[in-house]
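Here is the structure we will look at.
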2 protein chains.
Amino acid sequence: MCRAVTLLLGPYAEVVLHDPATDRVLEVWNPLTARGPGDPSALGDLDRLDPTDRDVYGPYEKLLADGRRLSSVSAVLRDDDGTPSVVLCVNLDRTPLERAAAVLSAFGAPTTPPPEPLFEADWSQRVDHVIGTHVRSTGRSVDRMTRQDRLAVLRALDEARVFAVRRAAPVVAQALRVSRSTVYGLLTELRAKG
Amino acid sequence: MCRAVTLLLGPYAEVVLHDPATDRVLEVWNPLTARGPGDPSALGDLDRLDPTDRDVYGPYEKLLADGRRLSSVSAVLRDDDGTPSVVLCVNLDRTPLERAAAVLSAFGAPTTPPPEPLFEADWSQRVDHVIGTHVRSTGRSVDRMTRQDRLAVLRALDEARVFAVRRAAPVVAQALRVSRSTVYGLLTELRAKG
DNA sequence: GCATGCCCGGACTTTACGTCCAGGCTGGAC
DNA sequence: GTCCAGCCTGGACGTAAAGTCCGGGCATGC
């Protein structure tokens with residue numbers, strides 16, 4: 001069945017089978033990354049998602065290290081007695097589709113194309129996202145962050161113009177488990193350097 | 001030559017030849033609207049555009065009555081003595097392209113797609129865009145706006161959460177050619193109504 | 001035990017937000 | 001024309017955030 005799905009979706013989708021007991025990869029079809037059998041699954045973030053249906057999650061968005069955007073769905077397969085036996089994930093690389101869409105909409109478009117859709121539903125989501133990304137990439141949770149971590153996160157948030165919206169500083173401070181003064185202090189420090 | 005362009009661009013482009021002397025249509029290939037030879041050109045808006053090249057204008061955006069969006073280019077053809085003899089316009093219907101692009105980007109997209117706007121890299125662009133859209137749809141320029149126009153624009157901006165970003169009110173006021181007080185006055189008025 | 005570096009909480013200044021009001025302009029009724 | 005009503009304006013004003021500053025506490029390393 002996994003091979004079938006892989007063939008159906010062409011070269012831009014990978015299918016991964018995880019073992020929830022050991023939290024490791026069982027097998028990968030058409031891998032998009034270097035992952036292979038035996039590698040850790042890093043599936044812990046599934047519980048934070050609401051299932052769209054019983055035992056079915058997604059589609060949700062993932063980011064690869066090289067910037068490719070994936071649409072992913074996951075399904076938990078259970079034994080007869082109800083214990084999870086395997087987790088099936090399908091990851092679809094959206095970049096070729098997006099590139100094609102960009103080509104189409106650029107065709108005959110006015111010289112000043114629609115401004116970058118750098119929108120965000122809710123800027124506080126952006127805060128969480130930036131922090132979450134940093135936590136995952138460094139492996140240090142918010143409480144265990146070093147000063148450098150905080151500087152990096154604040155730099156990202158500042159460049160994302162988060163502090164142009166009202167009431168942002170206290171929210172960021174709370175998210176970073178740090179006082180408002182510290183946020184301003186770190187901000188002036190990194191703004192001074194450039 | 002006009003027939004050639006029409007054939008090249010398929011069923012979604014029309015080619016129109018105008019006579020600048022009489023300001024009337026000379027001939028239309030593959031008409032997208034009901035216009036025909038002898039109809040008024042309504043070409044007066046050309047002078048308001050900056051030529052991208054000598055005697056070549058566009059591409060710029062046009063709106064048809066039924067909502068289709070066109071990309072248009074115009075060229076002024078001159079006699080040997082330099083007097084304009086004909087104006088050539090090519091109008092390309094972008095809706096099929098946009099529909100195709102929408103299909104592509106919807107494929108495998110996260111279920112919660114383009115979350116409503118709140119935050120923008122450059123939110124002032126959004127201000128200009130909202131105002132510009134309103135101006136085009138009503139035909140009244142900013143200076144000739146009625147009170148209702150201003151209320152509508154402010155409602156749109158408020159719902160786009162533009163006023164959640166700092167320093168927004170003065171910028172909006174300036175864009176609407178209105179005092180800061182007026183902005184706040186109109187805002188409280190429409191917020192009171194719900 | 002001491003020094004250093006960082007953070008905290010709170011006091012304080014500055015900036016911007018939002019409200020209010022007296023006066024002036026405009027367009028319509030008469 | 002005059003009058004009136006509605007709207008806008010510019011400025012004053014009070015309040016709420018945005019930022020700044022500092023004394024003290026709590027670690028870590030020596």
Side-chain angles (χ1 to χ4, degrees), chain A residues 120 122-124 126-128 130-131 134-135 138-194, chain B residues 118-128 130-131 134-135 138-194:
Chain A
E120 193 99 7
D122 182 0
W123 57 270
S124 67
R126 171 175 297 244
V127 176
D128 296 341
V130 168
I131 296 179
H134 191 89
V135 166
T138 64
R140 284 186 288 279
S141 73
V142 172
D143 321 85
R144 315 238 172 271
M145 272 190 183
T146 89
R147 176 183 181 82
Q148 296 311 315
D149 290 330
R150 283 191 271 267
L151 279 170
V153 169
L154 284 181
R155 173 178 297 275
L157 291 174
D158 196 24
E159 283 166 359
R161 299 290 184 267
V162 163
F163 295 102
V165 350
R166 307 186 54 194
R167 303 277 310 139
V171 172
V172 170
Q174 196 166 358
L176 277 181
R177 317 279 196 158
V178 146
S179 81
R180 208 173 57 94
S181 333
T182 302
V183 168
Y184 284 119
L186 296 174
L187 270 182
T188 57
E189 178 176 334
L190 65 82
R191 280 171 180 165
K193 293 174 185 170
Chain B
L118 156 55
F119 188 72
E120 191 155 352
D122 187 0
W123 54 271
S124 67
Q125 281 187 6
R126 165 162 301 254
V127 175
D128 297 340
V130 168
I131 294 179
H134 190 88
V135 165
T138 65
R140 284 186 289 279
S141 73
V142 171
D143 321 86
R144 313 236 173 270
M145 272 191 184
T146 87
R147 177 185 180 78
Q148 296 310 317
D149 289 329
R150 283 191 271 268
L151 279 171
V153 169
L154 283 182
R155 174 178 296 274
L157 291 174
D158 196 24
E159 284 167 358
R161 300 289 183 273
V162 163
F163 295 102
V165 349
R166 308 186 55 198
R167 302 273 313 140
V171 172
V172 171
Q174 195 166 0
L176 277 181
R177 317 279 196 160
V178 145
S179 80
R180 206 173 57 94
S181 329
T182 302
V183 169
Y184 284 119
L186 296 175
L187 270 182
T188 58
E189 179 176 333
L190 65 83
R191 280 171 180 167
K193 293 174 184 170

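Values below: every heavy atom of this structure, side chains too, minus hydrogens, waters and symmetry copies. Residue numbers begin at 1 in each chain, while the letters A, B, ... track the order of the sequences. Note that the structure is predicted; figures quoted are calculated from it, not measured.
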Could you check whether A168(A) gets within reach of a base, just the sugar-phosphate, or nothing at all, counting any heavy atom under 4.0 Å? sugar-phosphate

Counting only side-chain nitrogens and oxygens, does T182(A) get under 4.0 Å of the OP1 or OP2 atom of dC8(C)? yes

Could you give the CG-to-P distance, from L187(A) to dC7(C), as a whole number of Å? 13 Å

In whole Å, I'd like the distance from the CD atom of Q174(B) to the P atom of dG10(D). 12 Å

Nucleotide dT19(C), atom P - distance to CG of L186(B) in whole Å: 12 Å

Gap between atoms CZ and P, on R166(A) and dA17(D) respectively (whole Å): 7 Å

Assign R180(A) to base, sugar-phosphate, or nothing according to its heavy-atom contacts below 4.0 angstrom with the strands shown. base

Provide, to the nearest angstrom, the distance between the CZ atom belonging to R144(B) and the P atom belonging to dT26(C). 13 Å

Using every non-hydrogen atom in the two residues, find where V165(B) and R166(A) come nearest and quote the distance to one decimal. C-CG, 4.1 Å

Between S181(A) and R167(A), which residue's closest nucleotide on DNA chain D lies nearer the 5′ terminus? R167(A)

Return the value, rounded to whole Å, for the distance between atom CD of E189(B) and atom C1' of dC20(C). 16 Å

Measuring from R155(A):CZ to Q148(A):CD, what's the distance to the nearest 0.5 Å? 10.5 Å

Take atom CE of M145(A) and atom P of dC7(C), then tell me their distance rounded to the nearest Å. 12 Å

Quick one: which of dG19(D), dC7(D), dC6(C) gets closest to the side chain of R147(B)? dC7(D)

How many Å lie between CZ on R150(A) and C1' on dG5(C), as a whole number? 13 Å

Heavy-atom pair of closest approach, residues L190(B) and L151(B): CD2-O, 3.5 Å

Between S141(B) and V135(B), the two heavy atoms sitting closest are CA-CG1, 4.1 Å

Working to the nearest 0.5 Å, report the span between CG of D149(B) and CG of L176(B). 10.0 Å

Which nucleotide in the set dC17(C), dT20(D), dT9(D) lies at the smallest distance from any side-chain heavy atom of V178(B)? dT9(D)

